[in-house]
Amino acid sequence: MYRAPRGTSDILPREQGYWSYIRQKAAAICELYSYQRIDTPTFEDAGLFVRSIGEETDIVEKEMYTLEDRSGDKLTLRPEGTASVCRAYVEHGMHTLPQPVRLYYDAAIFRYERPQAGRYREHHQFGVEALGEIDPALDAEIIDIAWQFYVNLGLDGLILNLNSIGCNVCRPAYLDTLRGYYAQHLSMLCPDCQRRLARNPLRLLDCKKASCIPLADQAPRSTDYLCGECADHFDQLERYLALLNLPFIVNHRLVRGLDYYTKTVFEIAPEGEVVAQATIGAGGRYDNLIEQLGGKPTPAIGFATGIERLVLNLKKQKRAVPEPVSPSVFIAYLGQDAKEEAIKLVSLLRRSGLSVILACGDRSLKAQLKQANSTGARQAVIIGEDEIKRGTVVLRDMDKGEQQTIQLGEVVKVLSRS
RNA sequence: GUGGGCGUAGCCUAGCGGUUAAGGCGCCAGGUUGUGGCCCUGGAGAUCGAGGGUUCGAAUCCCUCCGCUCACCCCA
């Protein structure tokens with residue numbers, strides 16, 4: 001028997017309420033903030049992701065679904081959304097549009113990882129990107145969209161973590177300082193952190209091992225090493241977030257796993273959750289990425305949120321989502337003549353805008369009404385041999401259990417009224 | 001990649017060495033010559049994840065593999 005591949009899942013009809021609810025809220029907030037939808041290909045040139053995410057990251061080193069097509073091109077199923085949007089920005093000359101360009105996407109994301117709660121090999125992200133402007137007011141706008149989106153979904157108890165990891169000017173010196181600090185405490189570090197020290201010292205800051213946390217708390221803070229421009233940017237952002245009444249907390253241990261981030265980074269997670277995969281949304285500024293991909297130097301900032309994790313949290317917080325709509329009419333028939341009349345009637349009713357289910361399989365009336373009941377239809381139309389002779393139908397109210405006989409020609413009119 | 005837990009009908013669960021593997025939900029049919037929801041009766045549906053071993057005898061014990069799941073690394 002075939003099964004859905006590991007780490008993928010079928011989103012069954014009973015789950016779809018959560019998905020349509022989330023997507024509808026996403027589209028609504030994007031309209032409100034004037035972000036326009038963009039869809040990019042499911043796969044891209046492998047090099048796009050290697051260049052943007054970074055050679056040394058876990059995503060590139062071990063998590064990409066890369067394949068060679070028949071022409072020998074190396075293609076990768078997108079492991080995140082930002083790189084593709086930047087590629088499209090450059091490819092279509094969006095720098096000629098009024099800046100910033102505000103875009104959003106809602107796409108499947110693929111990473112080869114061991115699945116666990118809230119982590120899948122195929123998952124979906126809703127993301128927004130604002131490209132072509134460095135004003136910290138835009139950072140605030142992106143964070144505001146994210147926060148208001150969660151508010152609109154009805155999620156409570158979220159924490160907004162904020163940090164600045166500097167830019168090409170100030171980060172190298174900070175990293176040196178950080179390496180120097182940790183080198184003094186080498187023996188106290190967990191094996192993972194000893195390994196991380198050489199490759200990516202920022203990562204030591206968010207180690208969750210009890211033994212490493214005190215060291216990380218005492219570690220030099222990136223915000224103390226920012227250059228004038230970055231420090232100024234961060235100050236202004238904090239001021240704007242305060243103006244927006246967004247309850248952020250500056251978290252010096254917040255770093256991100258992708259190389260392209262500069263200055264602002266942020267994460268939103270449910271309160272009290274310590275595991276990394278509790279994060280429901282995250283983002284940051286990436287002022288060098290577009291230039292790195294062959295465009296002109298172009299600052300930009302974005303945010304993405306995992307839809308599966310939102311569904312998980314909506315369920316955990318017992319948020320009600322819209323129920324699937326029931327058909328308004330179910331049509332039952334008895335005998336071939338009645339079946340043919342029913343087929344014509346169904347068509348008439350649907351053209352007048354009513355959602356209708358027609359019984360099928362020539363089953364007993366009892367079985368047909370039982371099915372009518374389980375579909376949740378409010379009205380049942382019953383057509384039998386007697387009704388055919390008289391040119392009538394029986395109209396049964398499924399809630400009240402009352403029924404009446406009406407002329408066949410009246411059915412559309414009567415049902416359209418109810 | 002590493003470690004823990006778990007695999008019995010579509011779903012949930014019982015059985016944990018001894019006859020034809022049990023129950024609930026759901027599905028189908030009957031109880032009403034053309035009438036749903038409640039109730040009653042019946043039916044279909046499981047090579048007990050796969051393979052190997054121990055045993056007179058294995059869903060049950062052991063081994064291997066596969067799958068699911070949770071955690072670590074890392075990420076939404």
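Numbers restart at 1 for each chain; the letters A, B, ... are given by sequence-line order, proteins then strands.
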Using a heavy-atom cut-off of 4.0 Å across all strands, would you classify [X] as base, sugar-phosphate, or nothing?
| X | result |
| --- | --- |
| A372(A) | nothing |
| F126(A) | nothing |
| G127(A) | nothing |

Whether the [X] and [Y] side chains hold a donor-acceptor pair (N or O, under 3.5 Å, no angle test) is what I'd like checked.
| X | Y | value |
| --- | --- | --- |
| D362(A) | Y333(A) | yes |
| T305(A) | Y150(A) | yes |
| Y286(A) | E129(A) | yes |

Interatomic distance at [atom1], [N] relative to [M], whole Å:
| N | M | atom1 | answer |
| --- | --- | --- | --- |
| rG43(B) | rC25(B) | P | 15 Å |
| rA9(B) | rG51(B) | C1' | 22 Å |
| rA58(B) | rC48(B) | C1' | 11 Å |
| rU47(B) | rU35(B) | P | 38 Å |
| rG1(B) | rU8(B) | C1' | 32 Å |
| rA76(B) | rA14(B) | P | 39 Å |
| rA59(B) | rG49(B) | C1' | 12 Å |
| rA21(B) | rG45(B) | P | 14 Å |

Query - Nearest-nucleotide 5' precedence on RNA chain B, Y261(A) against D192(A) - result: D192(A)

Report task. Could you say whether R195(A) or G281(A) is positioned toward the 5' end of RNA chain B, judged by the nucleotide with the nearest heavy atom to each? Result ->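 Result of the comparison: R195(A).
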
I need the [atom1]-[atom2] distance between [X] and [N], as an integer number of Å.
| X | N | atom1 | atom2 | value |
| --- | --- | --- | --- | --- |
| Q368(A) | rA29(B) | CD | P | 10 Å |
| I53(A) | rA76(B) | CD1 | C1' | 13 Å |
| L12(A) | rG10(B) | CG | C1' | 11 Å |
| Y120(A) | rU69(B) | OH | C1' | 11 Å |
| L312(A) | rA76(B) | CG | C1' | 12 Å |
| F149(A) | rA76(B) | CZ | P | 16 Å |
| R119(A) | rG1(B) | CZ | P | 13 Å |
| M64(A) | rG1(B) | CE | C1' | 18 Å |

With both distances under 3.5 Å as the test, what is the Watson-Crick or G-U wobble partner of [N]?
| N | result |
| --- | --- |
| rA22(B) | rU13(B) |
| rA71(B) | rU2(B) |
| rA59(B) | none |
| rG30(B) | rC40(B) |
| rC65(B) | rG49(B) |

Looking only at the side chain of [X] (C-beta and beyond, no hydrogens), which of the listed nucleotides [options] gets closest?
| X | options | answer |
| --- | --- | --- |
| S364(A) | rG30(B), rC68(B), rA71(B) | rG30(B) |
| R309(A) | rC28(B), rU69(B), rA76(B) | rA76(B) |
| R256(A) | rC28(B), rC73(B), rA76(B) | rA76(B) |
| R114(A) | rC73(B), rA76(B), rG1(B) | rG1(B) |
| D58(A) | rC73(B), rC68(B), rA76(B) | rC73(B) |

Query raised in the report: Within a strict 4.5 Å, meaning less than it, do heavy atoms of the T298(A) and E291(A) side chains meet?
Result: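 No, their side chains stay 4.5 Å or more apart.
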
**Report entry** Minimum side-chain heavy-atom gap F330(A)-Q379(A) below 4.5 Å
**Finding:**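 When only atoms from C-beta onward are counted, Q379(A) and F330(A) do not touch, as no gap falls below 4.5 Å.
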
Query raised in the report: Any chance NZ of K315(A) has more than 12 other-residue heavy atoms, nucleotides or ligands included, within less than 6.0 Å?
Result: yes

Report task. Determine whether more than 12 heavy atoms belonging to other residues, nucleotides or ligands lie under 6.0 Å from atom CD of E323(A). Result -> no

Query raised in the report: Does Q116(A) make a side-chain N or O approach to OP1 or OP2 of rC70(B) shorter than 4.0 Å?
Result: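 No, because none of the side-chain N or O atoms of Q116(A) sits under 4.0 Å from OP1 or OP2 of rC70(B).
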
Query raised in the report: Any side-chain N or O of R6(A) under 4.0 Å from OP1/OP2 of rG67(B)?
Result: no

Query - Contact pattern, 5' to 3', of nucleotides 33-46 of chain B - B, S or - by protein heavy atom under 4.0 Å - result: -BBBB---------

Query raised in the report: What about the rings of F149(A) and F126(A), do their centers lie closer together than 6.0 Å?
Result: yes

Query raised in the report: Can the ring centroids of Y174(A) and Y225(A) be said to lie less than 6.0 angstrom from one another?
Result: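 Ring centroids of Y174(A) and Y225(A) are less than 6.0 Å from each other.
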
Query raised in the report: Between the main-chain N or O of D135(A) and the side-chain N or O of E133(A), is there a donor-acceptor pair closer than 3.5 Å?
Result: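 Between the backbone of D135(A) and the side chain of E133(A) there is a qualifying donor-acceptor contact (under 3.5 Å).
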
